Participant: 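Would you mind keeping the following structure in view while I ask a few things?
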Amino acid sequence: MPELPEVETTLRGIEPHLVGRALSQIDIRQPKLRWLITPELAPDMTGQVITHLSRRGKYIGVHTANGTLIVHLGMSGSLYFVPEETPPLFHDHVDFRFADNQPWLRYTDPRRFGAILWTKDNWLDHELIKHLGPEPLSDDFNVELLYSRAKGRKVPIKTFIMDSKIVVGVGNIYANEALFKAGIKPSRMAGNISKARLAVLVECIKMVLDAAIKQGGTTLKDFVGGDGKPGYFKQELSVYGRAGKPCIACGKVLKEIRQAQRSTVYCTFCQT
DNA sequence: CAAGACTCCTGTCAGC
DNA sequence: TGCTGACAGGAGTCTT
């Protein structure tokens, strides 16, 4: 399930192999993802040269002079290279083929929660992108921001930091981990947390994401390997997926609750 | 506006 | 062993 570190790793892995190449053909076998793939994608992007890639939240932008391909991996999507003419499997929904007859870029997504869109405008002005909060690893995401946005809010802090309008890229796993590291109870009201504690939380979110990205870097080569599998991280998770097991800090049994249809695991002793 | 429920989809796994 | 059903999960959208 790609979270921001996985998306960043994907981008770093594929960008060097895409820039400067011209699209020759785009095969769309399954246009129904989260949304219908933009019908203009193939006619508008074919023949275009890829100039660079960028990321905003979990959205990847693949830029050309004629427009930008917007890709979201959802929770089961992946982008990777396959040797030309590799027959597609059932969940291989899109192939991007190039004029140089070198490996194709393939999009696979079993659960189809991902998205592939196309815009001729500045992609940062796209409806899905322009309302997003700051990047978690940038200086724009800081205590002042979080504190002012949390003021008066009654939502649980976990739901709050997973809101992409507040800050992007904090998925369920890392929200759980960051709150554990910060010692904050996930159900605590966002507006009822001191500035000092929010400052700790900001640092913990940055630390958790940064560490995950660094680990992702070690598997970069897998992205362009022959198997086409995007090797996931061997994260050591403190709480996520460990409900019922002992807290690594105090030994007490970790508790699981549900918040906003998401599983939350925390330590009732360490997190207050 | 804020908060919470609902929705898409399919692989995985528990239970029978 | 095989089948059924619950569940997970990003994030936009709908409902209250």
Side-chain angles (χ1 to χ4, degrees), chain A residues 1-11 28-38 55-61 70-79 88-94 107-117 119 123 125-136 146 148-179 186-193 205 208-209 212 229-230 232-233 235 237 239-244 254 256-266:
Chain A
M1 53 207 79
E3 297 237 20
L4 183 133
E6 288 88 335
V7 175
E8 179 67 26
T9 303
T10 293
L11 187 149
I28 301 174
R29 288 174 289 270
Q30 170 58 277
K32 272 186 64 181
L33 301 179
R34 171 115 213 248
W35 296 283
L36 206 62
I37 294 177
T38 312
R55 179 184 63 74
R56 186 71 180 87
K58 294 179 186 171
Y59 292 93
I60 293 173
I70 302 172
V71 180
H72 194 296
L73 300 177
M75 64 168 290
S76 61
S78 58
L79 280 172
L89 299 177
F90 185 61
H91 295 303
D92 297 342
H93 306 312
V94 183
Y107 178 81
T108 300
D109 189 358
R111 297 188 191 180
R112 289 197 266 142
F113 274 26
I116 293 183
L117 303 168
T119 178
W123 81 310
D125 293 330
H126 190 278
E127 230 10 82
L128 292 172
I129 313 277
K130 67 178 182 184
H131 302 295
L132 295 176
E135 291 291 326
L146 200 64
S148 65
R149 304 284 254 118
K151 194 163 259 178
R153 295 290 301 271
K154 295 179 177 176
V155 275
I157 185 64
K158 186 195 171 217
T159 310
F160 185 68
I161 60 174
M162 287 181 69
D163 183 345
S164 62
K165 290 181 186 59
I166 303 302
V167 56
V168 298
V170 182
N172 196 44
I173 296 174
Y174 296 121
N176 276 293
E177 295 299 312
L179 285 166
S187 57
R188 181 173 285 275
M189 273 194 288
N192 190 25
I193 300 176
I205 289 173
V208 166
L209 291 175
K229 289 295 177 191
Y232 287 147
F233 317 98
Q235 271 285 119
L237 300 173
V239 286
Y240 181 81
R242 296 195 63 246
L254 296 175
E256 176 163 30
I257 60 174
R258 286 192 75 75
Q259 295 178 292
Q261 291 78 239
R262 294 291 170 270
S263 129
T264 298
V265 184
Y266 71 105

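Throughout, protein chains are lettered first and strands after them, A, B, ... in sequence-line order, and every chain is numbered starting at 1. Given the structure is predicted, the values throughout are model-derived calculations rather than measurements.
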Participant: Less than 4.5 Å apart, side chain to side chain, heavy atoms only: is that true for A:Leu128 and A:Trp35?
Facilitator: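 SC-SC contact between A:Leu128 and A:Trp35 confirmed.
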Participant: If we ignore angles and hydrogens, is there a donor and acceptor under 3.5 Å between the side chains of A:Glu256 and A:Ser263?
Facilitator: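 Yes, side-chain donor-acceptor contact under 3.5 Å.
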Participant: Atom CE of A:Met75 to atom C1' of B:dC9: distance rounded to whole Å?
Facilitator: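 Taking atom C1' of B:dC9 as the reference, CE of A:Met75 is at 9 Å.
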Participant: Once you apply a heavy-atom cut-off of 4.0 Å, does A:Ser263 come out as touching a base, just sugar-phosphate, or nothing?
Facilitator: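 Sugar-phosphate: the residue A:Ser263, judged by heavy atoms under 4.0 Å, touches backbone atoms but no base.
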Participant: Hey, does A:Leu128 reach any base, or is it just sugar-phosphate, or nothing, if we go heavy atoms under 4.0 Å?
Facilitator: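 Sugar-phosphate, no base atom in range.
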Participant: Does A:Tyr59 place a side-chain N or O at less than 4.0 Å from the phosphate oxygens OP1/OP2 of C:dG12?
Facilitator: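 Checking A:Tyr59 against C:dG12: at least one side-chain N or O falls below 4.0 Å of OP1 or OP2.
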Participant: Under 4.0 Å between a side-chain N/O of A:His91 and OP1 or OP2 of B:dG11, yes or no?
Facilitator: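 Result: yes.
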Participant: Once you apply a heavy-atom cut-off of 4.0 Å, does A:Arg262 come out as touching a base, just sugar-phosphate, or nothing?
Facilitator: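 Touches a base.
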Participant: Taking all non-hydrogen atoms of both residues, which atom of A:Leu146 and which atom of A:Phe160 are closest, and how far apart?
Facilitator: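 Nearest heavy atoms, A:Leu146 then A:Phe160: CD1-CE2, 3.7 Å.
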Participant: Which nucleotide in the set C:dA8, C:dG10, C:dG12 lies at the smallest distance from any side-chain heavy atom of A:His72?
Facilitator: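 Out of C:dA8, C:dG10, C:dG12, the nucleotide with an atom closest to A:His72's side chain is C:dG10.
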Participant: Under 4.0 Å between any heavy atoms, over every strand shown, what does A:Phe160 touch: base, sugar-phosphate, or nothing? Just pick one.
Facilitator: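 No contact.
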Participant: Tell me whether the OP1 or OP2 atom of C:dA8 has a side-chain N or O from A:Arg258 closer than 4.0 Å.
Facilitator: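 For C:dA8, OP1 or OP2 has a side-chain N or O of A:Arg258 closer than 4.0 Å.
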Participant: Return the value, rounded to whole Å, for the distance between atom CD of A:Glu3 and atom P of C:dA11.
Facilitator: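 Distance check: A:Glu3 CD to C:dA11 P gives 8 Å.
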Participant: Rounded to the nearest 0.5 Å, what separates atom CG in A:Leu254 from atom CZ in A:Arg242?
Facilitator: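 Going from the CG atom of A:Leu254 to the CZ atom of A:Arg242 covers 5.5 Å.
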Participant: What's the CD1-C1' distance between A:Ile60 and C:dG10, to the nearest Å?
Facilitator: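 One finds 14 Å between C1' of C:dG10 and CD1 of A:Ile60, rounded.
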Participant: If you assign each of A:Phe90 and A:Pro156 to its closest nucleotide in DNA chain B, which residue comes earlier from the 5' end?
Facilitator: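 Checking each residue's closest nucleotide, the 5'-ward one belongs to A:Pro156.
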Participant: Answer yes if the side chains of A:Asn192 and A:Lys154 hold a donor-acceptor pair under 3.5 Å, and no otherwise.
Facilitator: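 No, no side-chain donor-acceptor contact under 3.5 Å.
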Participant: Should A:Arg111 be listed as having a side-chain N or O under 4.0 Å from OP1 or OP2 of C:dA8?
Facilitator: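 A:Arg111 to C:dA8 OP1/OP2: no side-chain N or O under 4.0 Å.
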Participant: For B:dC9, does either OP1 or OP2 sit under 4.0 Å from a side-chain N or O belonging to A:Lys32?
Facilitator: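 A:Lys32 to B:dC9 OP1/OP2: side-chain N or O found under 4.0 Å.
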Participant: With axes from five pairs an end, tell me the bend angle of the helix from B:dA2-C:dT16 to B:dC16-C:dG2, nearest 10°.
Facilitator: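 Between the first-five-pair axis and the last-five-pair axis there is 50°.
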